[in-house]
Amino acid sequence: MIITQFRKFTPFNMVLLVVLGLLYCFWMFVRLPAESGAQLVEPGMLLPFGQNVVFPLDSRLNLIITLLLTILQALYLNRVMNKYNFFGKPGFLVALMYLTLASLAHSFLVLTPSLICNFIFIRILDKLIGIYHRENAMSTMFDLGLLVALGSLVYFPFAAMLLSVWIGLRLFRPFHWREWAAPLLGFLSVYFLLWVFYLWNDQADQFAAFWTPLIDPTLPAFNPNLQVYLVWVPVLLIMILFLNVLRQNIFKRIVHIRKIVQLLLVMLLISLAAIFLDPDKETSHFLLAVPTLSIYAAYYFHYAATKWFYESVYVILLLLIVIFQFI
């Protein structure tokens, strides 16, 4: 079955990953209109250039590029978790769950700024986990501030990830004020250079547009959609099962693994709360939660013992995704 196969660390799973990706987006590929637009950066990023922020793109090409990026992100995240031996032995469960959860909603299957930011999200996660064994983390923390700032230029709510950098620093290292200042300096460096660019183009007064969401955060409005809620029910069940498995296994693992679990929770909560920085964003925002949710889901499937049950849970999730593609 699928879960049993992806528990193995074999290159054949990459082929299966592509097949599943095609399955998840097949019907979308068939029924998409001929052309659509893709907004790949925040509007303020292109303001000095006087360009339209929506790039015309063939819908099917849009879907294919999205699928390729999603598979690359799945493999990248899988590599990061295998590198730090998060599950005790290597496998492809993280890649499988990332691809699956990144196919839950129609808005996840097209190019969006939040999809682009997931590459930066995974890179930040990789660097944060790695500081645990470093003697000096100042350069790494500065780089993390740069990454968060670059991500916020693509998708402004990503700026909230600066909090996860500081909390990750608190989890993995003793307090050192220079290491805490480095991410802020890296973050501000990018925005200072951007401000200089605005000033050079006589548009310095427009620079404040980046910061207005922070001044007045408001509650986002979502349109109730039974389909969206139903497809997330198996995900909620998997998270409940994960908590039970985590309770049974967490104290059997080394301290570093426990701290990674805590860091993932922090990054998940911040990625969900970040939508308050811009309540006009669509449900594609929740793609930022997919990396952490996929790792938690993979943790459950890695340690689950009752084969017929965990295989059934995944098949139900798979069928719901495919069925709702036709609705």
Side-chain angles (χ1 to χ4, degrees), residues 1-24 67-104 118-119 121-130 132-133 234-235 237-265 267-268 289-318 321:
M1 296 294 287
I2 298 176
I3 297 299
T4 303
Q5 175 61 36
F6 277 87
R7 279 180 169 182
K8 305 171 185 176
F9 189 68
T10 168
F12 179 65
N13 285 338
M14 290 189 282
V15 178
L16 293 180
L17 205 65
V18 174
V19 173
L20 283 172
L22 292 172
L23 174 65
Y24 286 139
L67 176 59
L68 289 175
L69 291 179
T70 303
I71 292 173
L72 287 174
Q73 289 173 356
L75 293 173
Y76 182 21
L77 183 61
N78 191 82
R79 178 181 175 275
V80 169
M81 302 317 293
N82 284 339
K83 180 173 73 173
Y84 294 106
N85 200 28
F86 185 71
F87 301 102
K89 64 178 182 178
F92 273 92
L93 283 174
V94 173
L96 171 66
M97 295 313 304
Y98 185 91
L99 180 67
T100 303
L101 298 184
S103 305
L104 283 176
N118 268 354
F119 276 113
F121 186 103
I122 298 170
R123 182 60 177 163
I124 289 173
L125 176 62
D126 186 10
K127 281 182 166 287
L128 273 177
I129 297 174
Y132 185 70
H133 298 294
V235 179
L237 173 61
I238 292 171
M239 289 302 106
I240 294 173
L241 294 170
F242 155 73
L243 290 174
N244 182 54
V245 170
L246 181 68
R247 177 185 59 83
Q248 298 171 358
N249 292 279
I250 189 61
F251 292 108
K252 300 176 183 178
R253 306 303 306 277
I254 61 175
V255 174
H256 190 204
I257 300 300
R258 298 180 210 170
K259 289 181 179 293
I260 293 174
V261 173
Q262 296 174 52
L263 173 64
L264 290 170
L265 177 61
M267 296 183 79
L268 173 62
V290 167
T292 47
L293 288 176
S294 61
I295 295 170
Y296 282 161
Y299 191 95
Y300 161 68
F301 285 116
H302 178 83
Y303 286 102
T306 309
K307 182 176 180 179
W308 69 266
F309 182 75
Y310 65 70
E311 293 284 3
S312 300
V313 169
Y314 182 78
V315 169
I316 291 171
L317 178 59
L318 184 153
I321 294 174

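Index from 1, following the sequence.
When each of Leu93, Asn118, Leu75 is checked for a side chain to side chain contact (heavy atoms under 4.5 Å, CB included) with Tyr98, only Asn118 meets the rule.
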Checking Asp126 against Tyr76 for the side-chain contact (heavy atoms from CB on, under 4.5 Å) test, could you report, in this order, the C-alpha distance in whole Å, the side-chain angles of both residues, the deciding distance, and whether it holds?
CA-CA 10 Å; Asp126 186 10; Tyr76 182 21; 4.2 Å; yes
Step by step, work out the side-chain contact (heavy atoms from CB on, under 4.5 Å) result for Gln73 and Val290.
CA-CA 11 Å; Gln73 289 173 356; Val290 167; over 6 Å; no
Could you go step by step and tell me if Leu318 and Thr100 meet the side-chain contact (heavy atoms from CB on, under 4.5 Å) rule?
CA-CA 7 Å; Leu318 184 153; Thr100 303; 6.0 Å; no
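Rounded to the nearest 0.5 Å, atoms CG (Leu128) and CZ (Arg123) are 11.0 Å apart. Between atom CD1 of residue Ile257 and atom CE of residue Met81 there is a gap of 7.0 Å, rounded to the nearest 0.5 Å. Note that CG of Asn85 is 11.5 Å distant from NZ of Lys89, once rounded to the nearest 0.5 Å. Going from atom OG of Ser294 over to atom CG of Leu264 covers 9.0 Å, rounded to the nearest 0.5 Å. Rounding to the nearest 0.5 Å places CZ of Phe309 at 16.0 Å from OH of Tyr314.
Between Asn78 and Ala95, the shortest heavy-atom contact is OD1-N, 3.3 Å. Val94 and Phe87 get closest at one heavy-atom pair: CG2-CE1, 3.3 Å. For Leu17 against Ala74, the heavy-atom pair with the smallest separation is CD2-CB, 4.4 Å. For Ile3 against Leu96, the heavy-atom pair with the smallest separation is CD1-CD2, 3.8 Å. Considering all non-hydrogen atoms of both residues, Leu99 and Gly21 come closest at CD2-N, 3.6 Å. The shortest non-hydrogen separation linking Pro90 to Asn82 is CA-OD1, 3.4 Å.
The shortest side-chain heavy-atom distance between Tyr84 and Leu125 does not fall under the 4.5 Å cut-off. By the 4.5 Å heavy-atom criterion applied to side chains, Ile129 and Lys83 are not counted as neighbours. The side-chain heavy atoms of Val261 and Ile295, taken from C-beta on, include no pair separated by under 4.5 Å. Two residues are said to be in side-chain contact when any heavy atoms from C-beta on lie closer than 4.5 Å; Leu77 and Phe121 fail this criterion. Between Leu72 and Phe119 there is a side-chain heavy-atom pair separated by less than 4.5 Å. In this structure the side chain of Ile321 never reaches within 4.5 angstrom of the side chain of Leu23, judged on heavy atoms. The side-chain heavy atoms of Met97 and Phe6, taken from C-beta on, include no pair separated by under 4.5 Å. In this structure, the side chains of Leu104 and Leu317 come closer than 4.5 Å at one or more pairs of heavy atoms.
Under a 3.5 Å cut-off, the side chain of Gln5 and the backbone N or O of Asn13 do not form any donor-acceptor pair. Glu311 contributes a side-chain N or O that, together with a main-chain N or O of Thr4, makes up a donor-acceptor pair within less than 3.5 Å. For Tyr296 (side chain) and Leu265 (main-chain N/O), a donor-acceptor pair under 3.5 Å exists by modelled atom type.
Other residues, nucleotides and ligands place no more than 12 heavy atoms under 6.0 Å from the CZ atom of Arg79.
Between Asn244 and Arg247, the side chains place a donor N or O and an acceptor N or O closer than 3.5 Å (distance only, hydrogens not considered).
Ring geometry for Tyr310 versus Phe301: interplanar angle over 60°, hence perpendicular rather than tilted (30 to 60°).
For residues 2-19, no pair satisfies salt bridge (Lys or Arg N to Asp or Glu O under 4.0 Å), with sequence neighbours left out. For residues 298-309, the side-chain hydrogen bond (donor to acceptor under 3.5 Å, both in side chains) pairs, not counting sequence neighbours, are Arg253-Tyr303.
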